[in-house]
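For reference, the structure discussed in these notes is given below.
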There are 2 protein chains.
Amino acid sequence: MTASRPRRATLPDVAALAGVSTAAAGRALGGYGSVSEDVRRRVAEAARQLNYRANRLAASVRTGRTDTIGVVCADIESPFFARALRGISDVAHEHGFSTLVTNSDEDLASEREAVQLLLHKQVDGIICAPADVTQVDHLAQAQTGGTPVVLFDRVSDHLEADAVVVDGMKAAYQAVRRLLDLGHRRVAIVAELRQPREQDWARFLTPQAEVSLGELSPSEARLLGYLRAHWDAGVPVRRELVRRTGTYAAEAAYQQTKRVLALKNPPTAIFTVDNLMTVGAYRAIRDLGIAVPDRLSVVAFDDLDWTVLVSPALSVIAQPVYEMGAEAARRLIRRLRDPEPAPPGTLFMDVTLVERESVAPIPT
Amino acid sequence: MTASRPRRATLPDVAALAGVSTAAAGRALGGYGSVSEDVRRRVAEAARQLNYRANRLAASVRTGRTDTIGVVCADIESPFFARALRGISDVAHEHGFSTLVTNSDEDLASEREAVQLLLHKQVDGIICAPADVTQVDHLAQAQTGGTPVVLFDRVSDHLEADAVVVDGMKAAYQAVRRLLDLGHRRVAIVAELRQPREQDWARFLTPQAEVSLGELSPSEARLLGYLRAHWDAGVPVRRELVRRTGTYAAEAAYQQTKRVLALKNPPTAIFTVDNLMTVGAYRAIRDLGIAVPDRLSVVAFDDLDWTVLVSPALSVIAQPVYEMGAEAARRLIRRLRDPEPAPPGTLFMDVTLVERESVAPIPT
DNA sequence: TTGAAAGCGCTAACAA
DNA sequence: TTGTTAGCGCTTTCAA
């Protein structure tokens, strides 16, 4: 007969073996309160002998802290979120926090579920890339309940919270403006644009229109930059060059790109608004055998491993992704540590337009 | 004056408002035991009114379960682990488990720390890609303590645990054998090979040598396949064509590849053993402007987004990464659910040699 | 510095 | 079906 599995040693067990009170053992092991060197040694020895393993859950129930940050990202698998997550977890780890990561897949219902889960697990704070910046009641509720929230990659006008983002509008504006300045007159854009808000696009075109970034998804903000660049350059926007995938998937971008390149009057340049769109679009360009940059100039949002591996190397708008994650974590931790923190604000991080080989002027 | 923050509602609060006992409220909300429809409704209503948020930590302290799987991966940022993690978390989520993810960066000390953290947080089980398959005492200890472990991407002879892996030896053998059969006589390999065990390599070369996969790191297993392919084909192994980076970094692979291609008698084919090695090696090939496959055939371990985006498209050994993660999670969950589970075993998943455009025969 | 005792928020026996 | 009661393993008064 095998011996029945012995119950795992608990604090009282350790205390008993060391010949001290539970409280003393807890202090010795947990590093709080004050303990004599002698007690500390005996307790440590007893813990070792019993192969004691502290139960931080029990501690958390008492203290109300879990030293855990909850993260809601759209998709860990995307290079963008993977890298950001690395920034978040590095900083978190540095400060003694763990991270609990969930995926929303850009779906509001999943995001709500994820936030509930994180709250039930009593995370100390949440970093979230909201699927819909206009639907953030669940995040507001988390805050009211005492769990601070930091927005990542997206700001919302409907939530008073810290946010770490780039100005996608400005970045796209620069990139597209550059193409227009090089003489391109037919610049295509491939973007997710989940909500088809064509009436809004019209409004975007009015230069006076005050559009808040906190009302736009990243792809909308980037489209806005595209539109305004055209406006400022006096180049009309061609409806057929604005390609909407409606979903965050490379395959959809592949289809849209094939379609736009098959127009009888095809674009001479193409702008992709994020890394999945870029993968899909670039695959289409390659399959069609179109010469870059001779027949088509390409600019992508987000830098990736492979943008320097293809020929010609892609010109891109690079975001400081790791640093964005790291900074989001820093802001959250600051808020957790500081009993009276500063009012929340949005940090806009700078992007870099990395010019490589995929852009050429239109011969005049 | 703002009102002082009200204490968060607890189960007794809800019970009181609903006019039932704490136990009844717990049953109604937690979905265990039996409750009348009437009580269920009243409790639900009270919970809503008080904005009640269950504390699953407290429940876990009682039940001893957290419904959480701990994962130790080398680097979430690597496409390999990112995708595997997606497999793990999808399956986990399906079965009501969350995942707590940590990074070891292929460092044994960090891995130990990570495992400790997961145990302290009382995860129900652990999925780990061990940094060193010969140093797994901490994992054995987790098991003895009642926390099952599933190995991922690597087997160890020193741990009796489930494992989900590919046979890297066989896969590499096939790929290299294919190159040799095409007439290549100088095939380079770029591999991590953290431990420089040259004396072992000699042993690998003896066809009779029984080398267990459970003693080898993935890169060593793949090297072994490379060596045996040579042996079986009667092609001598050239020491200068075996390039060791010693570290898991694209930059190191870049350097090694540049160096091997600069030999006065350079290789006519190159085999890279994982995705980071591939990125580095391919960048070197591109920078050097070497024509693939005319002057150099290329085969990579692991398929990636961009392998079809470069010209020519890369021939690769594709692992079922997502499925490997998913299967690891399934095995762990089975073990958690089943009180008397089957003895642990290793699942070898099949790889696919995807032939694309980067391999050509040597003209005879 | 130490120990006794209370209690964090929940679940599980048990009895009613 | 319901309530009473006793904990889970830990931290934190409080008094000694």
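All chains are named by letter (A, B, ...) in the order of the sequence lines, taking the proteins before the strands, and each is independently numbered beginning at 1.
Under the side-chain hydrogen bond (donor to acceptor under 3.5 Å, both in side chains) criterion, B:N55 pairs with no residue, sequence neighbours left out. Taking the salt bridge (charged side-chain N to carboxylate O under 4.0 Å, His left out) definition, one finds that A:E106 meets it with A:R154, A:R194, sequence neighbours left out. When the side-chain hydrogen bond (donor to acceptor under 3.5 Å, both in side chains) test is applied to A:E45, the partners found at least two apart in sequence or on another chain are A:R48, A:Q49. Applying the salt bridge (charged side-chain N to carboxylate O under 4.0 Å, His left out) criterion to A:R42, with sequence neighbours excluded, gives A:D38. A:S110 pairs by the side-chain hydrogen bond (donor to acceptor under 3.5 Å, both in side chains) definition with A:D107, not counting sequence neighbours.
Sequence neighbours left out, the pairs with a member in residues 9-24 of chain A that pass side-chain hydrogen bond (donor to acceptor under 3.5 Å, both in side chains) are A:R7-A:D13, A:T10-A:D13. Residue pairs meeting the salt bridge (charged side-chain N to carboxylate O under 4.0 Å, His left out) criterion with at least one member in residues 111-129 of chain A, sequence neighbours excluded: A:R112-A:D137. Residue pairs meeting the salt bridge (charged side-chain N to carboxylate O under 4.0 Å, His left out) criterion with at least one partner in residues 58-78 of chain B, sequence neighbours excluded, are A:R83-B:E77, A:R86-B:D75, B:R56-B:D67, B:R65-B:D67.
Contacts of residues 28-47 of chain A with DNA chain C (heavy atom under 4.0 Å): A:S34, A:V35, A:S36, A:V39.
Across its full length, the helix from C:dT1-D:dA16 to C:dA16-D:dT1 shows an angle of 30° between the axes of its 5 terminal pairs at either end, rounded to 10 degrees.
Counting non-hydrogen atoms under 4.0 angstrom, A:A23 reaches a base of the nucleic acid. No contact: B:R56 has no heavy atom under 4.0 Å from any strand.
A 4.0 Å heavy-atom criterion places the boundary nucleotides of DNA chain C facing chain B at C:dG9 to C:dA13, written 5' to 3'. Here the range on DNA chain D touched by chain B, meaning any atom under 4.0 Å from one of its heavy atoms, is D:dT1 to D:dC8.
Environment of NE2 in A:H95: crowded, with over 12 heavy atoms of neighbouring residues, nucleotides or ligands closer than 6.0 Å. Enclosure of atom NE2 in B:H158 by more than 12 non-hydrogen atoms of other residues, nucleotides or ligands within 6.0 angstrom is indicated.
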inquiry  = Evaluate A:V115 against A:Q141 for side-chain contact (heavy atoms from CB on, under 4.5 Å), listing each step before the verdict.
reply    = CA-CA 10 Å; A:V115 169; A:Q141 204 180 315; over 6 Å; no
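Looking at heavy atoms from C-beta onward, B:V14 lies in side-chain contact with B:V43 at the 4.5 angstrom threshold.
The minimum heavy-atom distance between B:Q135 and B:H138, with the atom names listed, is O-CE1, 3.2 Å.
Each of A:G19 and B:G26 was assigned the nucleotide of DNA chain C with the nearest heavy atom; the assignment lying further toward the 5' end belongs to A:G19.
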